[in-house]
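Written below as structure tokens is the structure these notes are about.
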2 protein chains.
Amino acid sequence: MSSREPTLADVAELAGVSLTTVSRVLNNRGYLSEKTKKRVKDAIEALGYRPNSLARALHGMRTQTVGLIVPTVSLPFFGELAVEVENALAEAGYRILICNSLGRADREREYLSLLVGNRVDGIISGAHNEGLGEYDTIRMPLVTIDRELSPSIPNVRCANENAGAMATRALLEAGSRHPLLLTSRSGPRNLREAGYRAEVERAGLHARVVTVPFDTPAPQRFAMVRDALDAAHGDEAIDGVFATDDLAGAEVLEWARMRDLSVPGDLSVIGFDGTETMRRALPHLATIRQPIEQIARAAVAILLGQIEGTEPRSPIDQDGAGRARTVEFPGTLLRGRSLTL
Amino acid sequence: MSSREPTLADVAELAGVSLTTVSRVLNNRGYLSEKTKKRVKDAIEALGYRPNSLARALHGMRTQTVGLIVPTVSLPFFGELAVEVENALAEAGYRILICNSLGRADREREYLSLLVGNRVDGIISGAHNEGLGEYDTIRMPLVTIDRELSPSIPNVRCANENAGAMATRALLEAGSRHPLLLTSRSGPRNLREAGYRAEVERAGLHARVVTVPFDTPAPQRFAMVRDALDAAHGDEAIDGVFATDDLAGAEVLEWARMRDLSVPGDLSVIGFDGTETMRRALPHLATIRQPIEQIARAAVAILLGQIEGTEPRSPIDQDGAGRARTVEFPGTLLRGRSLTL
DNA sequence: TTGAAAGCGCTAACAA
DNA sequence: TTGTTAGCGCTTTCAA
């Protein structure tokens, strides 16, 4: 807009000192007389000068910026995760560059490039399309959240398998004999599913898994849930559902209402995540709360340890071998009317 | 990690050409023989070279980055807004730097400084603590979303006053005679409130407004809503509530359940925002949907117009005088079981 | 078709 | 206590 941003030189000229002196005042380094200090500060004030962080970073210094890649901050879990990561970073004087991959590999690839191009000091990824080779190219500190990318990259997450078992147990204790799992992608990498399967088998029951992909667009999504649940229900009456996220849990509740199933009379429901937003929206939905703040803090601590080259001697996990650390935090069962009255 | 990122010089050396040539290949400028082009490209590939955008931007060029300030992306409205803004920007080759002010003036101030320091090309602010003088210092393109900051700064928003009236009318049509407004800050700048008041008066009824600040921490928040509604209800039975955001609407529903008020039998409820997340979580909550995508696109269009110096001759609004444009998009009434069965 | 050299705004030796 | 100077990685005249 109005002309260009003032530079160090402008300040120096106005204050009648050299560039170095201004730089010193800015960084509070070396010996300065109070008088020049004041003169420089006044000049800075008068011009509304703000140091150009790009030039600063170019000098080989840190950018003090960390990239965070998530599927989309519009989902409460990732939104809250982003804010917690931002808070943890802010305490250490770092800032965050948030990237929404939307679950698309091309966007994730692009963002990875962007982050490297912007010389962030490190990356936290909570969204990795499996098989994105680009991560191997990354020459900077990297930590993943939730999904594990590779055994050589530190991973922080909720103890998903335990939590999955906990949720399933809660359904069984509420009397469910035919508990069903509603998740977004089934497979061996789905640890919540593994917990569910283990617990169901232990009870001598059989597992039933229904899948609705995470990134299904809004209009079709509920229809898919409805159809899938209808099909399963016709097969053998569903009397309990463990949905691996709370929004899916909400859809189960809506389905139950449509089909005149009383909750928890005919059907118990438990979700996953326990974000603040979903607690406010549906306080009666039982769920497993992920310790988002702890996860964010641990991820940041590990990353900053790598960046600053001083692996913090944190109490959390330590892997003797060459393998990176994996840190798991337990989830918390939040009971609610959707489970037991 | 492994050593440092490769630079232009590294590529040039490996390819056996000059820096200029590599730069040319990168930017596809000037005449190059196919042979050198290929040699350079191979070298880039081999080294995994990624241009340093900071150095590039330092050269007075655009950073192709726009800052977005919102209270917090953990709230669905702002989360979805951020993603839409990001999408609109991406189409134009720009990226986004998301900042969560958390409603704190100090953090907003800090972020403003950060954005200027990072030489973003422009700022979109959806979170302005009133009376933050810093905005006057901003020498770059600036657009506000929702709340108006100053008449000289373009503002894009939902037609809040109309929408507030629409919501109120919906309650009245559903039979409410004592509709109450639940909002986060009451006052003349609250346009949804203005719409509510106008409609209530037109119907010859009296306005009742209950306030629970936006940034009340989770545990206290519901208690405050409950107490305030209890007090109002004891005063004169509430038979309708217009909550100026859907999460507050959800709390009203919860309060009604606690107090054994049937919805919509005893009490009609309508919220505001209509985000995808809240539609999934509470599809039966009537609401006014804000056209988030349109808002985001318009804000980006206006901002890029300023940045690129070609005010797009958009159909939307045009202000003859020196005042900036204000763009309003209508909200949409989404009926639901909380209003009428 | 290619290269040499200056400079973007800043920091950091090295002098004075 | 302050200033001079040489880069950081890149783009861009101006020459060749």
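Keep in mind that this is a model prediction, so the values were computed, not measured. Quick note on labels: first sequence line is chain A, next is B, and so on, each numbered from 1.
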**Message:** Once rounded to the nearest 0.5 Å, what's the spacing between atom CG of A:Leu54 and atom CG of A:Asn52?
**Reply:** 5.0 Å
**Prompt:** Under 6.0 Å from the CD atom of B:Glu148, do we count more than 12 heavy atoms belonging to anything else shown?
**Reply:** yes
**Complete:** Nucleotide by nucleotide, nucleotides 7-16 of chain D touches protein heavy atoms under 4.0 Å in the pattern (B base, S sugar-phosphate only, - none) BBBBBB-B--
**Asked** Distance check: side-chain N/O of A:Thr36 vs OP1/OP2 of D:dT2, anything under 4.0 Å?
**Response** yes
**Request:** List the steps, then state whether side-chain contact (heavy atoms from CB on, under 4.5 Å) holds for B:Met140 with B:Ile123.
**Result:** CA-CA 8 Å; B:Met140 62 172 73; B:Ile123 295 178; 3.9 Å; yes
**Asked** Rounding to a whole Å, what distance do you find between B:Asn118:CG and C:dG9:P?
**Response** 16 Å
**Item:** Qualifying residue, where the test is side-chain contact (heavy atoms from CB on, under 4.5 Å) with B:Glu84 and the options are B:Arg297, B:Gln294, B:Glu293
**Value:** B:Glu293
**Request:** Measure the spacing between CZ of B:Phe77 and OG1 of B:Thr72 and express it to the nearest 0.5 Å.
**Result:** 13.0 Å
**Message:** Less than 4.0 angstrom between a side-chain N/O of B:Thr21 and OP1 or OP2 of C:dG3, yes or no?
**Reply:** yes
